[in-house]
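Let me begin by presenting the structure, written as C-alpha cells, before commenting on it.
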Amino acid sequence: GDLVTISAEGTIKMTPWGGNAFSTPDGGQNFGWLVQGSIAGGTLVATVGNNKTYIKVGSKNTFRAPRNGMLHLGIAMQDDHAGNPFPGNYRTTVTVEKQ
C-alpha cells in the first residue's frame with residue numbers, strides 16, 4: 001500500500017531495430033508490445049515482489065504498491081528480443097511514502 005513515485009529520463013539503443021533506433025522511458029509502438037496496446041517495447045516498467053504483473057512507469061508514474069516486496073525496474077521487451085544488447089540507460093528517481 002506504499003505510494004511509489006518514479007520518474008525517468010535517458011535513452012537506450014533498440015539494437016534489434018537497427019543502429020539508429022532509440023527509445024525513451026515512454027517506449028514506442030514501433031518496438032512491439034510487452035502488453036498489446038498498453039505497454040510498448042522500450043517502456044520503463046516495474047513489478048513488486050515475485051509477481052509478474054507489470055506496472056507501466058514510462059517517464060513518470062505514481063502508484064500504490066499492490067503487495068509487499070522488492071521493487072524491480074526493467075525495460076518492456078518481447079521475449080524473443082530479451083537477449084539482445086540495449087546500450088544506454090534510463091536514470092531513475094524513486095520516492096516511497098510509507099503507509
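Along the sequence shown, the residues carry numbers beginning at 1.
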- [ ] Could I get the full list of salt bridge (Lys or Arg N to Asp or Glu O under 4.0 Å) partners for D2, not counting sequence neighbours?
- [x] K98
Task: Minimal non-hydrogen separation, T47 against T53, with atom names - done: CG2-O, 3.6 Å
Task: Smallest separation among heavy atoms of P25 and G10, with atom names - done: CD-O, 3.4 Å
Open item on the list: Test question: given the 4.5 Å side-chain rule for I, L, V, M, F, W and Y, name all other residues clustered with F22, or answer none.
Closed with: none
Distance-only donor-acceptor pairs under 3.5 Å for side chains of residues 60-78, two or more places apart:
residue: N61; atom: ND2; partner: K56; partner atom: O; Å: 2.6
residue: T62; atom: OG1; partner: T5; partner atom: OG1; Å: 3.0
residue: R64; atom: NH1; partner: G1; partner atom: O; Å: 3.0
residue: Q78; atom: OE1; partner: H81; partner atom: NE2; Å: 3.4

TODO: For D26 and S59, indicate whether the former's side chain and the latter's backbone hold a donor-acceptor pair under 3.5 Å.
DONE: yes
Which atom pairs, donor and acceptor, lie under 3.5 Å between side-chain atoms of residues 32-39 and protein residues at least two apart or in another chain?
none

Open item on the list: Pair F86, K13 - check side chain to side chain contact (heavy atoms under 4.5 Å, CB included), show working.
Closed with: CA-CA 5 Å; F86 293 91; K13 186 183 285 189; over 6 Å; no
Open item on the list: Under the rule for ring pair (Phe, Tyr, Trp, His ring centres under 6.0 Å), what residues qualify as partners of F31, not counting sequence neighbours?
Closed with: W17
Open item on the list: Strictly by side chain to side chain donor-acceptor pair (under 3.5 Å), give each pair with a member in residues 82-92 just once, sequence neighbours left out.
Closed with: S23-Y90, N89-R91
Open item on the list: If you count heavy atoms of other groups shown closer than 6.0 angstrom to CD of Q99, is the number above 12?
Closed with: yes
- [ ] Evaluate whether atom CG of D80 has more than 12 neighbouring non-hydrogen atoms of other residues, nucleotides or ligands under 6.0 angstrom away.
- [x] yes
Task: Common cluster, L3/V57, ILVMFWY with side-chain heavy-atom separation under 4.5 Å - done: no
Open item on the list: Assigning hydrophobic clusters by single linkage (Ile, Leu, Val, Met, Phe, Trp, Tyr; side-chain heavy-atom cutoff under 4.5 Å), is V45 placed with I6?
Closed with: no
Task: Close side-chain approach of T15 and P87, heavy atoms under 4.5 Å - done: yes
